[in-house]
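These notes are about the structure you will find just below.
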Amino acid sequence: MGPLRLHNTLTKKIEEFVPRDSGKAALYVCGPTVYDSSHLGHMRAAIAFDVLRRYLEWKGFQVMHVQNLTDVDDRIIQRAQNEGVPTDVVTERYIGEYRQALQALNILQPHIEPRASRHIPEMVEMIKALIERGYAYYAEGDVYFDVTKLSAYGKLSGRVLEELKAGARVEPGEFKRHPADFALWKRAKPGEPNWESPWGRGRPGWHIECSAMSLKYLGMGFDIHGGGDDLIFPHHENEIAQSEAYTGREPFARYWIHNAMVMVRGEKMSKSLHNYFAVMDAMRRYPADVIRYTLASVHYRKPIEVDEERFVDAARAVDRLRGAVASADAVIARAKSGIGGPASQHLAGAAQRARETFEAAMDDDLNTAGALAAIFNLVAETNRATDEVAKGQSDAAQLQPGVATARATLKELAGVIGLVLGEAPVDARVAERVRDLAAALRREAGPLFTDHPGQNLDELVSYILAGRERARAKKDFSTADRIRGRLAEAGIVVEDLPTGPRWRVAAADGLRPPTGGADA
RNA sequence: GGCGGCGUAGCCAAGAGGCAAGGCAGGGGUCUGCAAAACCCCCAUUCCCCGGUUCGAAUCCGGGCGCCGCCUCCA
């Protein structure tokens with residue numbers, strides 16, 4: 001297969017990915033400032049780079065993934081002061097939430113998650129060197145980077161210093177020589193966290209942390225630097241300026257990858273616009289696969305509009321994916337051993353084609369939409385095969401090897417996108433509703449339900465279904481249909497197959513949540 | 001105003017010179033006690049508009065129109 005090609009913001013072109021060290025990929029991603037709960041926008045970034053990482057690994061690269069956590073920041077200080085607690089109470093809380101969200105969404109943990117507050121000495125060293133080399137200057141307890149000293153300033157974002165001069169604003173209390181100069185070090189204000197430095201007590205500016213930490217863990221000229229496209233200017237521009245001035249070399253990073261924003265009703269999702277979907281809110285309503293599918297269904301460099309309908313569509317699509325895996329499982333369970341045959345070979349061939357199409361799409365700047373199409377084509381092939389077995393037109397044993405291959409390929413390729421395609425994780429409320437339903441049915445329809453229902457969801461549903469089968473055996477279809485309807489209300493979908501009833505937790509339908517979506 | 005991007009069926013979305021992937025929704029059929037799922041068939045002569053280049057354009061060029069992001073903290 002061909003090489004991976006990625007869009008590089010630095011050149012605005014799609015380029016072949018050639019790492020600094022053959023076979024390895026050093027990846028640095030800008031993480032969140034932990035001053036508040038994360039929203040879907042943060043997850044889009046995390047997921048975009050999780051897919052990149054998984055794909056690099058799938059292609060055989062040995063990936064070193066570093067993602068920072070910004071825990072020194074004005075908004076954190078402000079929040080802590082509002083709550084009357086130390087800043088680390090605030091940062092610990094939101095770091096915890098963030099990690100929990102990542103884990104829930106099946107996002108691989110970065111190998112290193114450096115925090116700004118723990119890398120002050122590294123930043124101080126860098127700032128000292130920048131002053132010595134004439135790229136930074138001291139003013140009234142602050143230290144600023146002098147953008148006029150670097151002819152290449154603006155190369156990432158396409159900014160021109162002259163134009164920046166007009167637009168940039170200087171806050172009162174700042175002592176910049178040029179409006180586009182940015183703070184490397186800020187003198188301490190009363191009541192703020194601060195550290196000792198050659199310039200007096202203070203704290204680092206925002207941009208310097210990513211330079212210091214990426215250089216520390218990945219070294220100059222590392223492979224990929226990523227983040228949201230709203231970070232291109234000024235954050236990433238400034239990182240480049242500092243790092244290249246500091247080392248006297250370029251490039252700081254070889255490829256700059258930026259994900260586009262999540263939109264709500266035509267506007268960027270953000271805290272300040274109050275139009276965000278809190279991650280935990282979305283997670284309560286939709287399984288991780290559904291959220292990941294939604295975000296993967298659009299190319300990472302294109303803004304994605306999210307609304308309720310979109311998640312519902314995604315939930316149905318995920319159900320189709322899961323259904324194919326379940327049908328394959330049924331065939332595999334039925335055939336003790338596979339003897340194979342032409343149909344089996346045909347399916348195995350389809351799996352191979354899907355793999356190739358998938359890879360070609362992903363190689364093309366991570367075209368996840370195209371990659372999903374390849375997966376769905378294999379789903380259709382798999383369903384055709386399992387459908388024949390279900391209808392008795394084909395022998396399970398003769399299809400078994402191909403079905404097993406297709407199933408494994410489905411899981412593997414979907415796994416690169418981060419989709420699990422397992423049983424939907426059980427919402428606690430679903431289990432609760434099913435338990436209530438079992439109890440209610442026992443009361444209402446005694447003869448059908450005599451023994452004790454079990455405890456876990458599996459046992460409870462089996463118990464209800466067994467009672468329903470007794471009704472069906474007596475041709476009491478109105479009772480059977482009523483039970484099926486009530487299970488659906490509880491979030492369980494029942495399908496009567498020739499081999500008996502099959503059930504699954506609904507991915508979306510029947511799970512209309514009480515909480516609202518966007519709060520705007 | 002400067003920089004960047006987007007506009008493809010009812011909705012979502014790939015495709016970037018060779019004749020429109022995929023998902024959701026919809027219509028018809030098979031299967032089913034009924035449903036659901038699955039399967040089969042149908043669903044864009046056309047890709048915001050107008051010119052141009054070409055044997056050939058959704059794809060390239062020119063000009064419009066509409067929308068979005070960044071230029072301030074932001075994933």
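Note that the structure is predicted; figures quoted are calculated from it, not measured. Below, each value reflects all heavy atoms present in this structure, side chains not excepted, and no hydrogens, waters or symmetry copies.
- In this structure, the nucleotide among B:C11, B:A75, B:C71 sitting nearest to the side chain of A:Glu309 is B:C11.
- Using a 4.0 Å heavy-atom cutoff across all strands shown, A:Met269 reaches at least one base atom of the nucleic acid.
- Residue A:Arg468 is classed as a base contact, given a heavy-atom separation below 4.0 Å to a base.
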Chi angles and distances behind the ring-ring contact (aromatic ring centres under 6.0 Å, His included) call for A:His225, A:Tyr255:
CA-CA 6 Å; A:His225 192 130; A:Tyr255 302 87; over 10 Å; no

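- Put simply, CZ on A:Arg44 is 12 Å from C1' on B:G69, counting in whole angstrom units.
- At a threshold of 4.0 angstrom between heavy atoms, the contacts of A:Gly266 are confined to the sugar-phosphate backbone, with no base atom among them.
- Residue A:Arg75 has its side chain nearest to B:C73 when only B:C24, B:A21, B:C73 are considered.
- Using a 4.0 Å heavy-atom cutoff across all strands shown, A:Asp74 reaches no nucleic acid atom at all.
- Taking only side-chain atoms of A:Arg472, from C-beta outward, the nucleotide of B:C70, B:A37, B:C34 with the closest atom is B:C34.
- Taking the ring centroids of A:His236 and A:His258, they lie under the 6.0 Å cut-off.
- Within 4.0 Å of A:Asn367, counting heavy atoms only, lie sugar-phosphate atoms of the nucleic acid but no base atom.
- Dashed line: the shortest gap from a side-chain N or O of A:Asn377 to OP1 or OP2 of B:A21 is not under 4.0 Å.
- Between B:A38 and A:Arg384, no contact under 4.0 Å exists linking OP1 or OP2 to a side-chain N or O.
- The nearest whole Å value for the distance from the CZ atom in A:Arg353 to the C1' atom in B:G22 is 16 Å.
- Side-chain atoms of A:Pro32 lie closest to B:A75 of the nucleotides B:A37, B:A35, B:A75.
- Taking side-chain N and O atoms only, A:Arg322 has no distance below 4.0 Å to OP1 or OP2 of B:A37.
- In this structure, A:Ile232 reaches neither bases nor backbone, as no heavy-atom distance under 4.0 Å exists between it and the strands shown.
- Using a 4.0 Å heavy-atom cutoff across all strands shown, A:Asp364 reaches sugar-phosphate atoms only and no base atom.
- An aromatic stack links A:Phe477 and the base of B:G33, using centre distance under 5.5 Å and interplanar angle under 30°.
- The side chain of A:Asn383 has B:A38 as its nearest neighbour among B:A38, B:A36, B:A35.
- A cation-pi arrangement is present between A:Arg75 and A:Tyr35, with the terminal nitrogen or guanidinium carbon under 6.0 Å from the aromatic centre and inside a 45° cone about the axis.
- The partner of B:G69 is B:C3, by the rule that a Watson-Crick or G-U pair needs both atom distances under 3.5 Å.
- Not a single donor-acceptor contact under 3.5 angstrom links the side-chain atoms of A:Asp387 to the base of B:C31.
- Ion pair A:Arg5/A:Glu16 not flagged as a salt bridge, since none of the NZ, NE, NH1 or NH2 atoms sits closer than 4.0 Å to an Asp/Glu carboxylate oxygen.
- Phosphate contact (OP1/OP2 of B:C12, side-chain N/O of A:Lys302, threshold under 4.0 Å): absent.
- Closest contact between the side chain of A:Arg316 and the listed nucleotides B:A14, B:A25, B:A36 involves B:A25.
- Across all strands shown, A:Lys475 has no heavy atoms under 4.0 Å from either base or sugar-phosphate atoms.
- Counting non-hydrogen atoms under 4.0 angstrom, A:Val160 reaches nothing in the nucleic acid.
- Residue A:Val494 is classed as a base contact, given a heavy-atom separation below 4.0 Å to a base.
- At a threshold of 4.0 angstrom between heavy atoms, the contacts of A:Arg159 include nucleobase atoms, whether or not backbone atoms are also involved.
- Considering only side-chain atoms of A:Met261, the nucleotide from B:A75, B:A21, B:C12 that sits closest is B:A75.
- Checking B:A38 for Watson-Crick or G-U wobble geometry (two distances, each under 3.5 Å) identifies B:U30 as its partner.
- Residue A:His299 is classed as a sugar-phosphate contact, given heavy-atom separations below 4.0 Å to backbone atoms only.
- When distances are taken from the side chain of A:Asp496 to each of B:G23, B:C39, B:G33, the shortest belongs to B:G33.
- The distance between atom CG of A:Leu156 and atom P of B:C3, rounded to the nearest whole Å, is 16 Å.
- Of the charged side-chain nitrogens involved, none lies within less than 4.0 Å of a carboxylate oxygen, so that A:Lys186 and A:Glu192 do not count as a salt-bridged pair.
- Inter-residue side-chain proximity for A:Phe145 and A:Leu150 is flagged as met; some heavy-atom pair is nearer than 4.5 Å.
- Residue A:Pro303 is classed as having no contact, given no heavy-atom separation below 4.0 Å to the nucleic acid.
- Here A:Phe222 and A:Phe252 bring their ring centres to under 6.0 angstrom of each other.
- Across the protein-nucleic acid pair, A:Leu378 atom CG and B:C39 atom P stand 12 Å apart, rounded to whole Å.
- A:Gly31 comes within 4.0 angstrom of sugar-phosphate atoms only, judged by non-hydrogen atoms across all strands, and of no base.
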